[in-house]
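Protein chains get the first letters and strands the later ones, always in sequence-line order, with residue 1 at the start of each.
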Amino acid sequence: MKIATWNVNSIAARLPVVLKWVAEAQPDVLCLQEIKCVDAKFPRDDFARLGYQVETHGQPTYNGVAIVSRFACQEVQRNFPDAEANAQARLLAATIAGIRIVNVYIPNGQAIGADKYVFKLDWMKQLRRFFDTTCDPNAEVLLCGDFNVAPEDRDVHDPQLWQGSVLVSAAERAALEEIKAWGFVDAFRLHHQDGKLFSWWDYRAVAFRRNAGLRIDHIWVSEALAARCKDVVIDKAPRQWERPSDHTPVVAEFE
DNA sequence: ATGGTGGATGGTCCA
């Protein structure tokens, strides 16, 4: 069972790259973030041809999440249960093959102290509450997506340069730990301890060639699911293809 | 060097 997460930065712009990767990597489940399209415009036929069904939670222009799956999606949940009707589309959950999969696009936060930063910290609090109220920590639960936080300095190419910035600040890391304390482990860190292993590189300043990146895309698992986790891989290949996303897929393998 | 690149959009906003 292969479960992947990928911020594609517009599914319309990224369709050739995503289809190529799916055909090659053969994930069972692919959680997408920043699809930047409404549900009706998602190219689900292209995925159906490859044997996948699609659940979407889109919105115009910004945000939007989707789950592409070989298996049936049950108990599909869009956004937090108590969210306003016009809330930003940043959460999509489904139970697939007995695993509760929660796909999130955590807000970027823009800059320390900005309105969007306050919104980010509040959204992360809501996410912790979502698990408190809707999930069982003893079950097989998987949280993945673009978390927009590098948990530790080893997840940052130049911690000195990034010190105090959005995506690495102490408050964001503390909010992330609060979510983790519900009962998650970082599946990637079960298998890899090195630093300088990133999932995102800025489009600017030839960041990818310099490996000037951050590890902000994550797959977290409950203890019960951690016991089945064989490996987690960051697949850097699609970041080098034509017209890439600035993020690359992270893939977890379960027995 | 306070920039730079890319996407949606059709002015700027967002990342």
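Taken residue by residue, residues 103-113 of chain A places heavy atoms nearer than 4.0 Å to DNA chain B at Y105(A), N108(A). Remark: Y203(A), R204(A) in residues 195-213 of chain A come within less than 4.0 Å of DNA chain B through at least one heavy atom.
Applying the side chain to side chain donor-acceptor pair (under 3.5 Å) test to Q110(A) and every residue at least two apart in sequence or in another chain returns nothing. Residues meeting the side chain to side chain contact (heavy atoms under 4.5 Å, CB included) test with T61(A), sequence neighbours left out: none. For F147(A), the ring-ring contact (aromatic ring centres under 6.0 Å, His included) partners are H218(A), W220(A), not counting sequence neighbours. The side chain to side chain donor-acceptor pair (under 3.5 Å) search around S245(A) returns none, not counting sequence neighbours.
Contact footprint of chain A on DNA chain B: nucleotides with an atom under 4.0 Å from a non-hydrogen protein atom, first to last in 5' to 3' order, dG4(B) to dA15(B).
Apart from L142(A) itself, the hydrophobic cluster it occupies contains M1(A), I3(A), V29(A), V65(A), I67(A), F71(A), V76(A), L92(A), I96(A), I99(A), I101(A), Y105(A), V185(A), F188(A), L190(A), L197(A), I219(A), V221(A), L225(A), V232(A), I234(A), V250(A), F254(A), where clustering links Ile, Leu, Val, Met, Phe, Trp and Tyr at side-chain heavy-atom distances under 4.5 Å. Connectivity analysis of hydrophobic side chains (ILVMFWY, heavy atoms under 4.5 Å, direct or indirect) links V38(A) to nothing; its cluster partners are none. Alongside Y62(A), the hydrophobic cluster contains no other residue (criterion: ILVMFWY side chains under 4.5 Å).
To the nearest whole angstrom, the two P atoms, one in dT5(B) and one in dT9(B), are 23 Å apart. Nucleotides dT2(B) and dA15(B) are separated by 24 Å at their P atoms, to the nearest Å. Separating the C1' atom of dG4(B) from that of dC14(B) is a span of 16 Å, rounded to the nearest Å. A gap of 35 Å separates the P atoms of dA1(B) and dG11(B), to the nearest Å.
For residues 108-117 of chain A, no residue pair satisfies the salt bridge (Lys or Arg N to Asp or Glu O under 4.0 Å) rule, not counting sequence neighbours. The ring pair (Phe, Tyr, Trp, His ring centres under 6.0 Å) pairs that include a residue from residues 13-52 of chain A are W6(A)-W21(A), F42(A)-F47(A), where partners are two or more places apart or lie in different chains.
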*Go through the steps for D45(A) and R49(A) under the test salt bridge (charged side-chain N to carboxylate O under 4.0 Å, His left out), then give the verdict.*
CA-CA 6 Å; D45(A) 292 350; R49(A) 264 178 234 118; 5.1 Å; no

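Remark: R189(A) engages D155(A) in a salt bridge, criterion side-chain N to carboxylate O under 4.0 Å.
Mapping Q88(A) and N9(A) onto DNA chain B via the closest heavy atom, the residue that lands nearer the 5' end is N9(A).
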